[in-house]
Structure formats: C-alpha cells, structure tokens
Amino acid sequence: MIDGIPNLLKKAPRAIGITILGNAANMLYDYLFPAPTWGIYVEGTTTKAIDVSSIVEIDISSESVVSDYILESGGFASYNKVERPDYFGVRVTADGFESARAYFLSWLQYHKGATTTFDILCPEYSWQKSTLVGYRIIRNSRSGAAMVTADLMFQQICEAPLQYLNP
C-alpha cells in the first residue's frame, strides 16, 4: 500500500455486491411490471418480425359498409352490413450501423411482395393476420443521415372458414 493513495480493492467486494443487487432488483421490476408491448410480430408468436429502433405512431382505419339498392317507388333499402379489412399505418424508425439500415430496407422490399402475415401489437390491443402492402421512406436533415423513418402500410387478411357441402 502506498501512502496517500486509498486502498480501492478493500471496497471492491461491497461495490460488486451493490451492483449485483441493483441488477437483480431491475430484473425483478421488469418481470413484475413489464414494459408496454409495441411491435410487428411473426403471426401467432412472440417473436418480432423486424427489430426497429422505435414505433413512432400507429394509425388504424377500420370500417364497415352497408349495401343498398333502389326500390320500384324510388326509395332505397339497405341490407347486409359488410366489414372491410382494417388498414394500419405504422411509422417506425431504424438507426444504427449502415448494415442494419440496409437489412431493414431489404426486409421491407421483400415483405411488400411476400404473402407473409404479421401481428401488430400495442399495449391495449393487437391486430392479427396483417400483411405489408406498401411503405414510404422518409429521410431528412432533422432526423439525420443515420436514421431511416418509414411509414409501413399493412392490410388485415380476412379469412372465411371453409365449408364443404354434399351435393
């Protein structure tokens, strides 16, 4: 030991113990109070389909239409309310190394043409069976050259159950 220099190793076990306890407390807190779930997941799983830096916003469009026809007396009659597929706009950001941004862009291009379906999740609700139908890339000086902002357009896939009839 040198005079005037504190013995740092003497306090090392205490510091290591405090660090380990702090990490354990953080892990317990994260387990008991999980963060809100946001993301684009492989359909029916808890696996993220694409890992993005953040989801900035989700815009949902949902509607039903009522068919109508003209009656002989010049009036109208309505029948058969039909639900249309939902459309989702998801604005995401992707940053990091150039290779990560290039992977993100190639993922978008591939899945725009593929028939892959995804689940779109936010803390309050999830939308199943949606496919990527388009995207728009936004790059500007405000977000910097190292960040890609993209508006992803998804459409819900509505499936009717198969019915077999005996002739």
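Residue numbers start at 1 and run along the sequence shown.
No continuous path of ILVMFWY side-chain contacts below 4.5 Å connects Met147 to Ile55, so the two sit in separate hydrophobic clusters. Hydrophobic clustering (side-chain heavy atoms under 4.5 Å, transitive across Ile, Leu, Val, Met, Phe, Trp, Tyr) groups Ile58 together with Val148. Under a hydrophobic clustering in which Ile, Leu, Val, Met, Phe, Trp and Tyr are joined whenever their side-chain heavy atoms come within less than 4.5 Å, directly or via other members, Val65 and Tyr87 fall into different clusters. Under the 4.5 Å side-chain heavy-atom criterion for Ile, Leu, Val, Met, Phe, Trp and Tyr, Trp107 and Phe88 are members of the same hydrophobic cluster. No continuous path of hydrophobic side-chain contacts links Trp38 to Tyr41 [ILVMFWY only; heavy atoms under 4.5 Å].
Using modelled atom types, one finds a donor on one side chain and an acceptor on the other under 3.5 Å when comparing Asp95 with Ser53.
Side-chain contact between Glu83 and Gln156: absent, with no pair of heavy atoms (C-beta onward) separated by less than 4.5 Å. Between Ile60 and Ile120, every side-chain heavy-atom pair lies at or beyond the 4.5 Å cut-off. Contact annotation: the side chain of Leu108 approaches that of Ile137 to within less than 4.5 Å [non-hydrogen atoms, C-beta and beyond].
Around atom CZ of Arg139, more than 12 heavy atoms belonging to other residues, nucleotides or ligands sit under 6.0 Å away.
Judged by distance alone, the side chain of Asp151 and the main-chain N or O of Arg91 form no donor-acceptor pair under 3.5 Å. Not one N or O on the side chain of Ser130 forms a donor-acceptor pair closer than 3.5 Å with the backbone of Asp119.
Closest non-hydrogen pair, Tyr135 versus Lys112, comes out as CE2-CD, 3.8 Å.
Taking CD of Gln109 as the start and CG of Leu132 as the end, the distance is 9.5 Å to the nearest 0.5 Å. To the nearest 0.5 Å, atoms CZ (Arg101) and CD (Glu98) are separated by 6.0 Å. If you take CH2 on Trp127 and CG on Asp86, they are separated by 8.5 Å, rounding to the nearest 0.5 Å.
Among Thr116, Thr117, Thr131, the single residue meeting the side chain to side chain donor-acceptor pair (under 3.5 Å) criterion with Glu43 is Thr117.
Using the six-membered ring where Trp is involved, Phe118 and His111 have ring planes that are perpendicular, over 60° apart on the 30 and 60° scheme.
Residues passing the ring pair (Phe, Tyr, Trp, His ring centres under 6.0 Å) test with Phe97: none are found, sequence neighbours excluded.
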